[in-house]
Amino acid sequence: MSVVRHLIAGAGGFLGAMLHYLITLILHTLESGSPYKTLCINLIGSSLFGCTTAWVLKGAVGPRMELFLETGLCGGSTTFSTFALEAAGLLWRGSWGEACIYIAVSLIVGLAAVTLGQRIVG
């Protein structure tokens, strides 16, 4: 991969991380340590990812913009590792029902968000 491609992905990742942080500031009213901040961030990111893939399939963006948007922006703003840690934390605390709901909503609504994003651009 060329240096330019690394810089493009890095720039998108930087903006994605900033977007992630901005969303957590907007959602500051949610309980500290709440998994629902991560859920909101991942659902917004999934929607953006769906839009981006639809633009790519339509030929509306080139390979560099695809790299910037998908790998960088969407990859930098969403976080599977935090989702996994928070789900495990719910399980460790014995909140099995809440953990199951969080995992199911994250997966099912995340898939729906990607599909919705694709359909919006579609």
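Quick note: numbers below take in every heavy atom, side chains included, and nothing from hydrogens, waters or symmetry partners.
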Between the CD1 atom in I101 and the CD1 atom in I108, the distance rounded to the nearest 0.5 Å is 11.0 Å

Side chain to side chain donor-acceptor pair (under 3.5 Å) partners of E66, counting only residues at least two apart: none

All N/O donor-acceptor pairs, side-chain side in residues 111-122, below 3.5 Å, sequence neighbours left out:
unit_1: T115; atom_1: OG1; unit_2: L111; atom_2: O; d: 3.0
unit_1: Q118; atom_1: NE2; unit_2: T53; atom_2: OG1; d: 2.9

Residues forming a side-chain contact (heavy atoms from CB on, under 4.5 Å) with L39, sequence neighbours excluded: Y36, L43, Y102, V105, S106

Measure across T78 and G45 and return the closest heavy-atom pair with its distance rounded to 0.1 Å. CG2-CA, 3.5 Å

On a heavy-atom basis, which atom in V56 and which in E70 lie closest, and how many Å separate them? CG2-OE2, 3.9 Å

First locate atom OG1 of T24, then atom CG of L19, and finally report the distance between them rounded to the nearest 0.5 Å. 10.0 Å

What distance separates E98 CD from I103 CD1, expressed to the nearest 0.5 Å? 10.5 Å

Calculate, to the nearest 0.5 Å, the distance between atoms CG and CG belonging to N42 and L107 respectively. 10.0 Å

Only pairs at least two apart or in different chains count here, so list each ring pair (Phe, Tyr, Trp, His ring centres under 6.0 Å) that has a residue in residues 46-75. none

Between S77 and I41, the two heavy atoms sitting closest are O-CG2, 2.9 Å

Output all residues satisfying side chain to side chain donor-acceptor pair (under 3.5 Å) with T82, sequence neighbours left out; order by chain, then residue number. T79

Taking L85 as the starting point, is it possible to reach L90 by hopping between hydrophobic residues whose side chains are less than 4.5 Å apart? no

Nearest atoms (heavy-atom pairs only) where L91 meets W96: CD2-CE3, 3.3 Å

Interatomic spacing from NE2 in H20 to CD1 in I44 - rounded to 0.5 Å: 10.5 Å

If you link ILVMFWY side chains whenever their heavy atoms are less than 4.5 Å apart, which other residues fall into the same cluster as Y21? By chain and number, please. L25

Measuring from atom OG1 of T52 to atom CE of M65, what distance do you get when rounded to the nearest 0.5 angstrom? 10.0 Å

